[in-house]
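By convention here, the first residue in the shown sequence is residue 1. All figures in this text were calculated on a predicted structure; none of them were measured in a lab. What you see below is based on every heavy atom in this structure, not just the backbone, and it leaves out hydrogens, waters and symmetry mates.
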Amino acid sequence: MADDFSFSIEKHIGVLSESKGGWKTELNLVSWGGRPAKYDIRSWAPDHQKMGKGITLTQEEIHTLQELLKNN
C-alpha cells in the first residue's frame, strides 16, 4: 500500500521557518496521489524527500484563514 503514495510540489510559495537541522516549514501547492493541488503547510527535509505532519487546505479554506488572520 505504501508504494501507491505519491506527491508533487506544484508551486513553492514560501518558507515559514527553518530548524537547526535544515528542515523547513513551508507553504506549497501540493498534488497528493495525482489529485488537484491544494495548499499545504508542513515541514520538509532539505531534499523534499521526507516530510512531517501537516495540513492541506482548499482555495476556499486558505481564503477563510487569510480573512481570520487579517481580522485578529
Side-chain angles (χ1 to χ4, degrees):
M1 191 181 314
D3 294 331
D4 295 342
F5 178 76
S6 67
F7 68 92
S8 173
I9 298 174
E10 303 293 320
K11 181 178 180 183
H12 173 73
I13 298 170
V15 174
L16 301 173
S17 65
E18 183 173 354
S19 73
K20 291 180 183 178
W23 282 59
K24 296 178 183 175
T25 301
E26 300 180 0
L27 174 61
N28 296 307
L29 277 171
V30 179
S31 171
W32 297 99
R35 293 186 295 277
K38 292 185 178 182
Y39 289 91
D40 184 88
I41 301 171
R42 75 181 60 244
S43 58
W44 290 91
D47 64 1
H48 286 103
Q49 295 303 306
K50 295 180 182 177
M51 72 215 53
K53 291 182 180 179
I55 182 171
T56 58
L57 302 165
T58 64
Q59 181 81 28
E60 183 178 306
E61 290 169 329
I62 203 77
H63 283 194
T64 300
L65 176 59
Q66 190 175 27
E67 287 300 313
L68 289 170
L69 292 171
K70 187 179 1 177
N71 294 323
N72 285 297

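- Residues E67 and H63 bring no donor and acceptor atom of their side chains to less than 3.5 Å of each other.
- In this structure, CZ on F7 lies 5.5 Å from CD on Q49, to the nearest 0.5 angstrom.
- Distance OG/S6 to CZ/R35: 8.0 Å, rounded to 0.5 Å.
- The side-chain heavy atoms of Y39 and L29, taken from C-beta on, include a pair separated by under 4.5 Å.
- Not a single side chain to side chain donor-acceptor pair (under 3.5 Å) links K20 to another residue, sequence neighbours left out.
- There is a path of hydrophobic side-chain contacts, each under 4.5 Å, that joins M51 to I9.
- For E18, the side chain to side chain contact (heavy atoms under 4.5 Å, CB included) criterion is met by K24, not counting sequence neighbours.
- Between N28 and the options E10, K11, H12, a side chain to side chain donor-acceptor pair (under 3.5 Å) holds for only H12.
- Proximity of T56 to E61: side-chain heavy atoms (C-beta onward) are nowhere separated by under 4.5 Å.
- Taking all atoms of both residues into account, the shortest heavy-atom contact from P46 to G21 is CG-O, 4.4 Å.
- One hydrophobic cluster holds both I13 and I55 under the rule that ILVMFWY side chains link at heavy-atom gaps under 4.5 Å.
- Interatomic distance, CG of L57 versus CG of L27, reported as 8.5 Å (0.5 Å rounding).
- Legend: salt bridge (Lys or Arg N to Asp or Glu O under 4.0 Å) pairs involving residues 45-54, not counting sequence neighbours: none detected.
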